[in-house]
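This report concerns only the one structure given below.
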Protein chains: 2
Amino acid sequence: MVKPVLWHTLYKLSEFEAHKRVLRLSTVRLGQAMGTSQQTASRHLSELEKMGFIRKETSFKGVEVKITKRGLEELRRVYLGLKKVVEGTPNEIILRGKLFTGFREGGYYMSQREYLLQFRRKLGFDPYPGTLNLRLTSSEVRKKRELETYPPIIIEGFKGRRRSFGEVRCYPATINDEVEGAVAIIKRTHYDDSILEVVSPVYLRRRLNLKEGSEVKVKVPTSRIL
Amino acid sequence: MVKPVLWHTLYKLSEFEAHKRVLRLSTVRLGQAMGTSQQTASRHLSELEKMGFIRKETSFKGVEVKITKRGLEELRRVYLGLKKVVEGTPNEIILRGKLFTGFREGGYYMSQREYLLQFRRKLGFDPYPGTLNLRLTSSEVRKKRELETYPPIIIEGFKGRRRSFGEVRCYPATINDEVEGAVAIIKRTHYDDSILEVVSPVYLRRRLNLKEGSEVKVKVPTSRIL
DNA sequence: ATTACTAGTAGTCGAGTAT
DNA sequence: TATACTCGACTACTAGTAA
């Protein structure tokens, strides 16, 4: 957990647009902007760098600061939390994406007995051994991130004979307003934000008559939550 | 300025939806949620109440907390700051409202010589002695608040013979894609968020052929800024 | 000019405890 | 059980200053 004072400094840096470009400033100026001393500003920058939220280049002329992807992630987390508060919670999140064929790992995952039993118990259906891969546009990626701030149904990971399987975060959903299923978010190391995986008890490609590139609508109710 | 630790506590309370309803909890539980002690949670609540960000009712069964309007305002301020960072800055903010006749104070304001001279120098036109009052819907009010987070052109207040006049915050704008003018935000004590006042060098009602209730489009570029 | 170390201090925290 | 006070411990601050 990032300390509130450091978060505040990170936020100030974002006000100076340090997420867009390398920001040149002095620690005196940063201190003034934060209502604190030069020394504190300097220390905060060092700590933020150590935590990986910023990169920093120091010279006798001043500091050059840039917020990292990790730092922006941290700001985004709070942003999404506040969005719910300020804008109100939507009743559903609708995501649209285009069907594409992935590496067919999904099917391998879903056919694991340990996953299957949990799906049956926690989501109420036996998943078809394969996932529907949807490619999301950038605006849809934002909505996916928003979705991820809601508490998921967690399908726990396990160690298999040859490898271990990570946890899967699920959100029950309706696909194309017709079929019940779920969004399945699998924690991977090389993880592409712009992909959405959908599971369902039926073979969705046939059931919904989908082709490569077809647009698919996924409606996730948020009311279950809370 | 609210201290970062206290802001963090306020944020946590909003995660518990204390902005929507009275939240019943114990300080132990709040402490756990914040990764701090019961004592600290208790102290933070007292300080937040003293600052007017929450109302609090204490009993031997626990505390009842509700975030006040002022507290929500504080959360909204940071939300809007983060929105710029996370969503990117829009090139323009478009506001739509319906024309209505106010108390005609606007004309009185605009005909003050001290204001007029500043308008001419800072905005480049002599305002018609009257403002266009637009009634905004709730979604437009949100956009107006977003607009207010950008640095305005400030027309300074002054003391007249009989009364004093407050400062006016202006944003150059285009009205109905035709006429140049500005949004004028006048700080009042009894201040209605859902009203937008527009000034321009011409008599807009005639120039744009507007009637009571006509929808008016106000386009404010944000590029000037920064 | 700068940054950032050291050292002393102010402020924040949490254990104990009164209510 | 609660909240919230006191007070010792510790953290985070700023002044002074070296580089």
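Just so we're on the same page: letters track the sequence lines, and every chain starts at 1.
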Integer-rounded Å distance: [N] [atom2] and [X] [atom1]:
X      : N       : atom1 : atom2 : result
L48(A) : dA4(C)  : CG    : P     : 13 Å
Q32(A) : dC13(D) : CD    : P     : 17 Å
Q38(A) : dT17(D) : CD    : P     : 15 Å
K61(A) : dA19(D) : NZ    : P     : 23 Å
E49(A) : dA4(C)  : CD    : C1'   : 13 Å
E47(B) : dC13(C) : CD    : C1'   : 12 Å
R24(B) : dT3(D)  : CZ    : P     : 10 Å
K3(B)  : dA12(D) : NZ    : C1'   : 12 Å

If you compare every side-chain N and O of [X] against the phosphate oxygens of [N] (OP1, OP2), does one of them come in below 4.0 Å?
X      : N       : value
T36(B) : dG14(C) : yes
K56(B) : dA4(D)  : yes
R43(A) : dC13(D) : yes
T27(A) : dT3(C)  : yes
H44(A) : dA12(D) : no

Aromatic centroids of Y171(A) and Y150(A) separated by under 6.0 Å
no
Distance flag, aromatic centroids of Y79(B) and Y79(A), threshold under 6.0 Å
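Under 6.0 Å, so yes.
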Heavy atoms of other groups near R76(B) CZ, more than 12 under 6.0 Å
yes
Which atom pair, heavy atoms only, marks the closest approach of I175(B) to A182(B)?
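In terms of heavy atoms, the two residues are closest at CD1-N, 4.5 Å.
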Would you classify T40(A) as touching base, sugar-phosphate or nothing, given that sugar-phosphate means primed atoms plus P, OP1 and OP2, and contacts are heavy atoms under 4.0 Å?
base
With a 4.0 Å cut-off on heavy atoms, is T58(B) in touch with a base, just the backbone sugar-phosphate, or nothing at all?
sugar-phosphate
Counting heavy atoms from C-beta on, name the nucleotide in dC13(C), dT14(D), dT2(C) closest to the side chain of S26(A).
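Nearest to the side-chain atoms of S26(A), counting from C-beta on, is dT2(C).
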Of all the choices, dC13(D), dA4(C), dA4(D), which nucleotide is nearest to the side chain of S42(B) once you look at every atom?
dA4(D)
Pick the nucleotide of DNA chain C nearest each of F60(A) and Q39(A); which residue has the one closer to the 5' end?
F60(A)
Side chain to side chain donor-acceptor pair (under 3.5 Å), paired with T174(A), selected from K219(A), E92(A), E180(A)
E180(A)
